[in-house]
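First listed ligand is number 1; within each ligand, the first listed atom is number 1. Side chains included, hydrogens not; waters and symmetry mates left out as well; all remaining heavy atoms used. Numbering starts at 1 and runs along the sequence shown.
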Amino acid sequence: MASVSFRHVTKRFRGGDVALNDVSLDVADGEFMVVVGPSGCGKSTLLRMLAGLEEIDQGEIWIGDRMINDVPTRNREVSMVFQDYALYPHLSAFDNMGFGLRMQGVALSEIAWRVSRAADILEIVPILDRKPAELSGGERQRVALGRAIVKNPRAFLLDEPLSSVDAKLRGHMRVELRKIHRRLRATFIYVTHDQVEAMTLGDRIAVLKDGQLQQVAPPTYVYDHPINLFVAGFIGTPAMNLIPVTVSGRKAKGSAIEIELPYPSHVDRAVLGIRPEAMTDRLDPRMPTIDVRVEMAESIGQHQLIYGVAGDDGIVARIDSRAHVSRGDRMRLGLDIRSVHLFDAQTGQAFM
Ligand code: ATP
């Protein structure tokens with residue numbers, strides 16, 4: 001296995017805008033790195049350049065101690081798992097997994113050994129003689145992973161591999177993928193637009209927007225300390241409440257909220273960021289509060305989501321499900337000041 005390093009990588013498609021702009025990203029040997037961002041932000045292009053399917057305009061890509069800009073795809077020793085798996089319908093799971101090795105002329109005994117080892121890791125030994133049409137979505141996905149594993153790659157590149165399985169199976173496969181990663185101790189670079197996948201899978205996540213890396217950090221760090229307004233709004237469901245405020249000294253005032261900042265701010269227009277779970281109906285006299293008119297209450301088991309309006313702002317709060325709340329109610333919610341974020345309204349950068 002190997003580390004992977006993108007150094008100041010830029011990609012422009014002919015006639016198009018910049019798809020990737022000066023991207024630098026270091027993935028450690030054995031790390032599970034998730035690259036996440038909205039559609040069109042350049043995620044697939046990043047993977048395709050690493051795999052050698054797309055040329056690099058500027059910058060360098062390294063795998064281990066080798067710069068691979070000019071190394072042909074077949075010699076890069078990476079395996080890519082695509083969204084649609086691309087399995088051969090007329091071949092059994094075993095033959096699908098061994099196909100690439102046969103093409104390379106690897107001895108049959110060696111193929112049999114590598115396929116059974118991969119099937120063992122993936123727990124698909126009993127289905128090896130079945131064809132793709134006789135497999136469930138999750139099994140097909142494992143066969144596609146198996147085909148990557150048998151090549152003993154230095155890094156696995158996964159391009160939205162769970163997007164074509166249904167929601168329930170996706171949750172299950174996320175757990176399975178983590179287990180497989182642990183067993184293989186391999187370098188995984190996983191691309192997705194789904195922030196839940198990113199949060200649950202990654203050792204670290206790299207948030208990409210319009211071809212530019214925004215933040216690279218462990219998922220909980222990104223959640224607790226989003227570097228700018230984009231990351232704050234993109235990571236977390238329901239999304240963080242973002243409330244425009246004017247600031248004067250240590251006072252931040254919005255249309256329905258006024259809070260004391262821990263230190264004076266240097267900007268006069270800012271955006272307060274409050275996660276839904278940083279609001280509570282159990283008031284403490286020291287808490288700043290916000291008055292919310294409830295538009296909808298939605299139970300999600302132990303918690304309920306309150307959708308409402310406060311002044312000019314839409315608000316989502318997550319509170320205990322025992323409180324009886326209905327449409328039209330007025331509620332006073334307290335804010336956990338320690339989890340309030342503040343962003344410069346002009347640049348979007350976080351400063352609290
Ligand atoms: P998605 O989640 O929708 O797959 P993505 O984040 O993977 O999106 P890319 O496929 O990497 O995005 O595309 C990044 C940008 O580059 C987009 O604006 C896209 O239109 C553009 N692009 C991708 N491939 C080409 C190409 N071959 N020629 C021209 N422009 C391209």
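Remark: minimum distance from atom 13 (O) of ligand 1 to any protein heavy atom is reached at Thr45 OG1, 3.7 Å.
Residue Cys41 has at least one nitrogen or oxygen atom sitting less than 3.5 Å from a nitrogen or oxygen atom of ligand 1, judged on distance alone. For ligand 1, none of its N or O atoms has an N or O atom of Arg14 under 3.5 Å away. Of the N or O atoms in Ser44, one or more lie within a sub-3.5 Å distance of an N or O in ligand 1. The distance criterion of under 3.5 Å between nitrogen or oxygen atoms is not met by Phe13 with respect to ligand 1.
Between the side chains of Ser255 and Asp313, at least one donor N or O sits under 3.5 Å from an acceptor N or O. Between His193 and Glu160, the side chains place a donor N or O and an acceptor N or O closer than 3.5 Å (distance only, hydrogens not considered). Remark: the Ser5 side chain and the Asp26 side chain contain an N/O donor-acceptor pair separated by less than 3.5 Å.
Using modelled atom types, no side-chain atom of Arg170 and backbone atom of Glu197 make a donor-acceptor pair closer than 3.5 Å.
Protein heavy atoms are found less than 4.0 angstrom from atom 3 (O) of ligand 1. Less than 4.0 angstrom separates atom 29 (C) of ligand 1 from at least one non-hydrogen atom of the protein.
For the pair Glu139 and Arg142, the salt-bridge criterion is not met [side-chain N within less than 4.0 Å of a carboxylate O]. Ion pair Arg178/Asp203 flagged as a salt bridge, since at least one NZ, NE, NH1 or NH2 atom sits closer than 4.0 Å to an Asp/Glu carboxylate oxygen. Remark: Lys251 engages Glu260 in a salt bridge, criterion side-chain N to carboxylate O under 4.0 Å.
With a heavy-atom cut-off of 4.0 Å, Glu160 touches ligand 1 through its side chain alone. Both the backbone and the side chain of Lys43 come within 4.0 Å of ligand 1, counting heavy atoms alone.
Between Phe188 and His181, the angle of the ring planes goes over 60°, which puts this pair in the perpendicular group of the 30/60° scheme.
Looking at Gly211, Ala19, Gly42, Gly37 and measuring to atom 6 (O) of ligand 1, the nearest heavy atom belongs to Gly42.
The distance from ligand 1 to the heavy atoms of Gly40 drops below 4.0 Å at these ligand atoms: 1 (P), 3 (O), 5 (P), 6 (O), 8 (O), 12 (O), 14 (C), 15 (C), 17 (C), 18 (O).
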